[in-house]
Undergrad: 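Submitted below is the structure of interest, expressed as structure tokens.
For this chain, numbers begin at 1 and follow the sequence in order. A quick note: this is a predicted structure, and the numbers were derived from the prediction, not measured.
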Amino acid sequence: LPLKLLKDCQTGVTDLKYSPTHLGHRPLLAAATHDLVIDIYDVYGGYSHLSRCVGHGSTVRHIDWSLPLPNPPELRNRMILMSNCSAYEILYWDPL
């Protein structure tokens, strides 16, 4: 049996990535889908849904987390999620 079943998208998942847990950051799970969105889940919160990144024009193909950023000041210690899609778009997200 699965440990957790998440069903927030209508189509297939194309990529899953756990965030780095540097500097005491809580672990997050990002799930990219054919729905053109990326869903963000709180791992320690029982995989509760935190946010949805919307903006790609085609299927999201790949996602990856940055390490916590030192600069600019408004993003200090935040992690950025990077994504690309079948339409050759590269987008950067502050998912929380």
Undergrad: Is there a side chain to side chain contact (heavy atoms under 4.5 Å, CB included) between Ile38 and Ile40 once you walk through the steps?
TA: CA-CA 7 Å; Ile38 304 164; Ile40 309 298; 4.1 Å; yes
Undergrad: Taking the side chain as every heavy atom from C-beta outward, state whether Thr33 and Thr14 have any pair of such atoms under 4.5 Å apart.
TA: no
Undergrad: Test your reading of the model: is there a side-chain donor-acceptor pair from Asp35 to the backbone of Thr11, 3.5 Å cut-off?
TA: yes
Undergrad: Would you name the heavy atoms of Leu50 and Tyr41 that are closest together and state the gap between them?
TA: CD1-C, 4.2 Å
Undergrad: Are Ile90 and Met82 joined in one hydrophobic group, where the rule is that I, L, V, M, F, W and Y side chains link up if heavy atoms are under 4.5 Å apart?
TA: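 Same hydrophobic cluster.
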Undergrad: Does Leu91 reach the side chain of His56, with side-chain heavy atoms less than 4.5 Å apart?
TA: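 Side chain of Leu91 against side chain of His56, heavy atoms only: contact under 4.5 Å found.
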Undergrad: Can you check whether Lys17 reaches Leu28 side chain to side chain, under 4.5 Å on heavy atoms?
TA: no
Undergrad: Tell me the closest heavy-atom pair linking Pro27 and Asp42, and the distance in Å.
TA: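 Where Pro27 meets Asp42 most closely, the heavy atoms are O-OD1, 4.0 Å.
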Undergrad: Can you check whether His62's main-chain N or O pairs, donor with acceptor, with Asn84's side chain at less than 3.5 Å?
TA: yes
Undergrad: Are there over 12 heavy-atom neighbours, none belonging to Glu74, within less than 6.0 Å of that residue's CD?
TA: yes
Undergrad: Which atom pair, heavy atoms only, marks the closest approach of Thr59 to Leu36?
TA: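 Answer, listing the atom of Thr59 first, then Leu36: N-CD2, 3.3 Å.
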Undergrad: Would you check if Val43 and Tyr18 make a side-chain contact, meaning some heavy-atom pair closer than 4.5 Å?
TA: yes
Undergrad: Go through Arg78 and Asp94 one step at a time and tell me if the side chain to side chain contact (heavy atoms under 4.5 Å, CB included) criterion holds.
TA: CA-CA 8 Å; Arg78 302 288 300 257; Asp94 181 9; 2.9 Å; yes
Undergrad: Given Leu96 and Met79, is the side chain to side chain contact (heavy atoms under 4.5 Å, CB included) satisfied, shown in steps?
TA: CA-CA 9 Å; Leu96 296 179; Met79 291 177 297; over 6 Å; no
Undergrad: Locate the shortest heavy-atom distance separating Ile63 from Ala31; write the atom from each residue and the value.
TA: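 Scanning both residues, the minimum pair turns out to be CD1-N, 4.2 Å.
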Undergrad: For Cys53, does its backbone N or O pair with a side-chain atom of Trp93 as donor and acceptor, under 3.5 Å?
TA: no
Undergrad: What I'd like to find out is whether the side chain of Asp39 reaches to under 4.5 Å of the side chain of Leu6, using heavy atoms alone.
TA: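 No. Closest side-chain heavy atoms not under 4.5 Å.
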Undergrad: As a quick check of understanding, evaluate side chain to side chain contact (heavy atoms under 4.5 Å, CB included) for His34 and Val13, giving each step before the final call.
TA: CA-CA 6 Å; His34 283 277; Val13 172; over 6 Å; no
Undergrad: If every non-hydrogen atom of Glu89 is compared with every non-hydrogen atom of Ser58, which pair is closest and at what distance?
TA: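 Minimum heavy-atom separation between Glu89 and Ser58: OE1-N, 4.5 Å.
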Undergrad: What's the separation between atom CG in Leu81 and atom OG in Ser51, rounded to the nearest 0.5 Å?
TA: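 Reported value, rounded in 0.5 Å steps: 9.0 Å.
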Undergrad: Taking 4.0 angstrom as the limit, do Asp15 and Arg61 come out as a salt bridge?
TA: no
Undergrad: Considering all heavy atoms of both residues, which atom of Trp65 and which atom of Pro20 are nearest to each other, and what is their separation?
TA: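 So the two residues come closest at CB-CD, 3.5 Å.
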